[in-house]
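These notes concern the structure reproduced below.
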Amino acid sequence: MDETGSAGAAEEPGYGIGAVSRRLGVPAPTLRTWNLRYGIGPSRRSPGGHRRYDRVDLARLEEMSRLVHAGVPPADAARQALRVTVPPALPASREGVEPPSPAPEEGAAEEARPGERAETGGGDERARIAGGGERARMAGGGEPPRIGGERARIGGEPGNVPSAAMLARAATALDGRTVTDGLAAALARLGVVPTWDRLVCPVFDTISRRQDETGAGIDVEHLFSERLLAALHPLAARPAHPVNDRPVLLACAEEEQHSLPVHALAAALATDRRIDTRVLGARTPHAALAAAMRRLGPAVVFVWSHQADTGDPAPLAALPALRPPARIVVGGPGWWPDLPPRVTRVASLRDAVTVVADALR
């Protein structure tokens with residue numbers, strides 16, 4: 001038992017790595033890496049001798065995940081997370097929301113996903129999307145559609161999928177756990193693209209309208225963006241048997257900070273088409289993108305631009321000509337007219353998945 005734990009920790013159940021992975025949306029291999037490299041791991045043992053996470057461990061991992069997703073280097077994030085000594089009280093049971101149940105013994109089967117990457121994209125120009133304080137326009141518009149029942153069960157197990165209105169209310173209340181549960185259930189039951197179109201875009205529309213009307217809501221935008229990124233992260237891991245030998249390279253234009261669409265595209269390609277991707281993320285310098293192309297020899301390069309001041313197409317024409325050639329695909333409302341002839345523009349996440357998959361045939 002961690003000496004900083006609460007006095008009642010001896011009576012609380014310990015949680016296995018599978019339950020912790022599902023609760024936090026962090027792949028089991030990543031949890032093992034954090035334990036080996038930084039000492040953030042299970043501090044208790046079950047009667048059978050298997051290592052278990054307690055509430056202090058969960059609090060530290062939650063802080064570690066938050067900091068890493070905010071862009072803090074993992075070593076620095078770990079140092080800060082290890083300072084967490086007081087676990088948050090587990091919430092009282094609510095309709096459809098429960099604390100995680102203890103996982104089976106360490107030898108039992110887990111739903112672990114290999115790899116630790118995440119990034120995605122796609123989008124048209126009519127619905128606003130955010131990512132860690134960012135905005136982007138994607139598919140959607142009109143009133144948020146209702147999608148399912150009331151709440152999702154924790155851990156992303158196929159439960160009831162919330163409506164966009166319910167998810168927006170949870171985000172507005174800064175109820176991160178309900179947002180996490182709802183996104184996990186939607187992604188497990190509907191898939192990445194339908195979740196993006198039916199839930200994510202309408203929720204960001206609601207958040208953006210509130211910001212326009214009141215000038216408030218940045219905290220809501222940040223919470224929803226962070227929870228969405230955490231949900232997409234494990235889905236974008238390299239498929240066990242990818243269909244492509246040459247990877248797909250995903251990046252944002254230079255100085256473009258809107259990276260959530262790129263993360264969504266990576267998750268959709270991995271889960272729907274078994275396509276291996278490499279994500280460079282926000283604000284990728286043109287020289288860095290060109291260097292990555294030469295190093296990896298990708299089959300497809302996708303570049304996202306939301307803001308008009310990041311959408312100059314001239315650097316696209318200067319990207320290296322590979323042999324065999326790479327298909328260049330762009331998305332987002334920021335791109336200026338007169339794209340180079342070899343560049344394909346897509347208008348939605350669904351279109352981006354289709355165009356990338358077709359280019360690999």
Side-chain angles (χ1 to χ4, degrees), residues 1-69 74 77-78 80-116 151-159 175-185 187-188 226-227 229-231 233-235 237:
M1 163 68 198
D2 190 292
E3 63 185 5
T4 58
S6 61
E11 286 73 38
E12 75 174 57
Y15 307 118
I17 193 169
V20 173
S21 174
R22 291 188 293 272
R23 174 184 170 87
L24 301 181
V26 176
T30 302
L31 294 175
R32 293 190 181 98
T33 297
W34 289 353
N35 184 24
L36 291 172
R37 292 183 182 175
Y38 311 116
I40 298 184
S43 57
R44 301 183 57 209
R45 289 191 179 273
S46 70
H50 299 284
R51 301 194 71 182
R52 289 287 181 264
Y53 295 83
D54 63 19
R55 287 168 54 198
V56 172
D57 300 327
L58 291 179
R60 288 172 174 169
L61 287 171
E62 211 159 32
E63 179 68 359
M64 175 79 175
S65 177
R66 183 188 71 79
L67 292 169
V68 168
H69 286 134
Q80 295 183 51
L82 284 170
R83 297 178 188 143
V84 174
T85 59
V86 180
L90 290 177
S93 178
R94 298 174 296 173
E95 180 186 354
V97 179
E98 306 169 357
S101 57
E105 294 296 338
E106 206 63 41
E110 295 174 357
E111 288 187 86
R113 298 178 183 269
E116 303 171 21
R151 285 184 187 257
R153 290 182 297 186
I154 189 164
E157 297 176 3
D175 184 352
R177 181 164 182 176
T178 299
V179 171
T180 295
D181 296 344
L183 288 171
L187 289 166
E226 191 273 337
R227 292 292 83 200
L229 183 58
H233 184 273
L235 302 180

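Note that these values count all heavy atoms, side chains included, but never hydrogens, waters or copies made by symmetry.
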Roughly how far, to the nearest 0.5 Å, is CD of Glu226 from OG of Ser65? 6.0 Å
Once rounded to the nearest 0.5 Å, what's the spacing between atom CG of Leu58 and atom CG of Leu24? 6.0 Å
What's the spacing between Ile17 CD1 and Arg22 CZ if we round to 0.5 Å? 11.0 Å
Between Glu63 and Arg66, does any side-chain N to carboxylate O distance fall below 4.0 Å? yes
Rounded to the nearest 0.5 Å, what separation is found between the CZ atom of Arg177 and the CZ atom of Arg23? 5.0 Å
Note: Gly39 and Leu82 closest approach over all heavy atoms is O-CD2, 4.1 Å
Please give me the minimum heavy-atom distance between Gly25 and Pro234, naming the atom from each residue. O-CD, 3.4 Å
How close do Thr178 and Asp175 get, counting heavy atoms only, and between which atoms? OG1-OD2, 2.6 Å
Partner of Leu61 under side chain to side chain contact (heavy atoms under 4.5 Å, CB included), picked from Thr30, Asn35, Leu31, Val26, is Leu31
How about Tyr38 and Met64: do any of their side-chain heavy atoms sit closer than 4.5 Å? yes
Nearest heavy-atom approach of Val179 to Arg227 is CG1-CB, 3.7 Å
Do Trp34 and Val68 make a side-chain contact, defined as non-hydrogen atoms from C-beta onward lying under 4.5 Å apart? yes
Between Ile40 and Ala81 the two heavy atoms that sit nearest each other are CD1-CB, 3.8 Å
If only atom types and distance count, is the side chain of Arg60 paired as donor or acceptor with the main-chain N or O of Val84 below 3.5 Å? yes
